[in-house]
Structure formats: structure tokens, C-alpha cells
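Worksheet: the structure to be examined is printed underneath.
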Amino acid sequence: LSLPQPLVELEARFDYNAPFEKYMRALNMETGEITVTYSVGEKRVSRKLFVSRANGCVVWQIQCNQAMDWQMWLRFPEAENAEAKKMTESLYSSVSITAKENMLFYHCQNDNGMKYGCMLKVVHYSGDDMIVEDRKLFFKGVSQATVILYPFAEKENADKKQRQIYDFLCKQNNSYETYLKQHVALHRPLFRSAILKLGSSRQNHSNEQLLFNGYRGKVDVEILNKL
């Protein structure tokens, strides 16, 4: 396929009864962890994500100071225009999405014969209930959940690779903090293996704040050090 194509889209829909506010996002480059926080009424929501160097998967956590209802599913990425939609029709026809207990499975085949997709597992959650319905995961009265998503792309040994991923996921029940600790042990030494300083003595601003300052025309050398 002569077109950049995302592997899959992970959708999450939350049952909010008010608009969000106090939105903030940050990237911790020491850990490679992305954090998004916002408020919805009296709810304070935190979403964290990183790509694990230790386990080769995406680890995602959502937390809220109150129990809430939400749902999650996998789907084929939407085409940006009519031309892209036509080019991806053959891929879309090969899509298979299934759900079982606390796992979601997404399979697709490229026009060159390569099979790709991902497997997703909810390894931990705190709340009332989680159910599977119509190839989606529904959370009822849940205040915290940790999800791991393992991608694959294989042409010759796709079935073997998928069995390996499934066996790996079946054994996973760790906390978000445990996965993060395993990842940071590999990521932090690599991040600190090279240091560039251009003279700034201030090193305590978030990336987002530095970017906002740059948008207003004030570029601090601190962000150049980080970049």
C-alpha cells in the first residue's frame, strides 16, 4: 500500500455530563511518559501512556477521583479523504475484530500479504464491573484501569507471533507502576547517555510551557537543550 496507514485506532468514550476544563498535557522525556489531565465537573481525570522498551507494548492508564462509566474498542483507521478510502478498501475488507473476557483482538492483512494488528488486555481495574459486548469493553463505576496493547506485523510467521503475544498477555497482571519501572530501567540510561547544554540555568519547566512560550515569541534555550 503506497500510503501511510496507522496500524489501528483505539477509541475510548466516557459518559461525561459536563464539558472538560483545566486541560494540561506533559511529556516526561526522562521516562518517555505522556500525561494528560483535565476536569469534568467534580471529576479530575488523569491519562498516562508510554511505549515500553522492556516489553515492546503500549501501556495506558486512566484514573479518576470518582467512579465513572466508559467504554473502549479497536477500529480500522478512518481515511482522510476519498482517494485514501479507495486505496484502503482491500485492507478494510480483511479486518477482524473480536473480544473475549478482558481482551480485544484486531487483525488485518496488507496488500503485500503481511498480517498485522494488535492484542489488547485490561490487566487491572478498580471499580464495580467490566463487561464485553458487541466487540467492546464496557466499564461500570470504574475509577482506575491499566491497559496494555501489543502490536504485531508479520508476513511469514504471523500465526506463531500472535500465539506468542497471546501467551504473553495471558500472564500479565502487573500494575502500571511495575511496567513503568521496568521500562525506565532501560529508557533512562539511554536518555542520559548524551547531554547538551546551551547556557540556560533554568531546567524546571514542562515541555508544554516552553512550547507555549515559544508560540508567543519567547524561545528559551531550555527547550533547545531538551530537543
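In this chain, residues are counted from 1 in sequence order.
With hydrogens and angles ignored, the 3.5 Å screen pairs a side-chain donor or acceptor of Asn112 with a backbone N or O of Met114. With hydrogens and angles disregarded, a donor-acceptor distance shorter than 3.5 Å links the side chain of Asn65 to the backbone of Arg44. Here the side chain of Asp134 pairs no donor or acceptor atom with the backbone of Lys136 at under 3.5 angstrom. In this structure, His107 contributes its side chain and Ser96 its backbone to no donor-acceptor pair below 3.5 Å.
Cys108 and Leu91 make their closest contact through SG-O, 3.3 Å (heavy atoms, listed as atom of the first residue, atom of the second, distance). Closest non-hydrogen pair, Leu7 versus Pro151, comes out as CD1-CB, 4.0 Å.
Ring-centre distance between Phe152 and Tyr116: not below the 6.0 Å cut-off.
Crowding of Glu42 atom CD: a count of heavy atoms from other residues, nucleotides or ligands under 6.0 Å not exceeding 12. The neighbour count for Phe20 CZ, taken as heavy atoms of other residues, nucleotides or ligands under 6.0 Å away, does not exceed 12.
The one candidate from Phe50, Tyr176, Phe191 that meets the ring-ring contact (aromatic ring centres under 6.0 Å, His included) condition with His183 is Phe50.
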- Item | side-chain hydrogen bond (donor to acceptor under 3.5 Å, both in side chains) between Gln144 and His124, intermediate numbers included | CA-CA 8 Å; Gln144 184 274 338; His124 182 269; 3.0 Å; yes
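Ion pair Arg192/Glu30 flagged as a salt bridge, since at least one NZ, NE, NH1 or NH2 atom sits closer than 4.0 Å to an Asp/Glu carboxylate oxygen.
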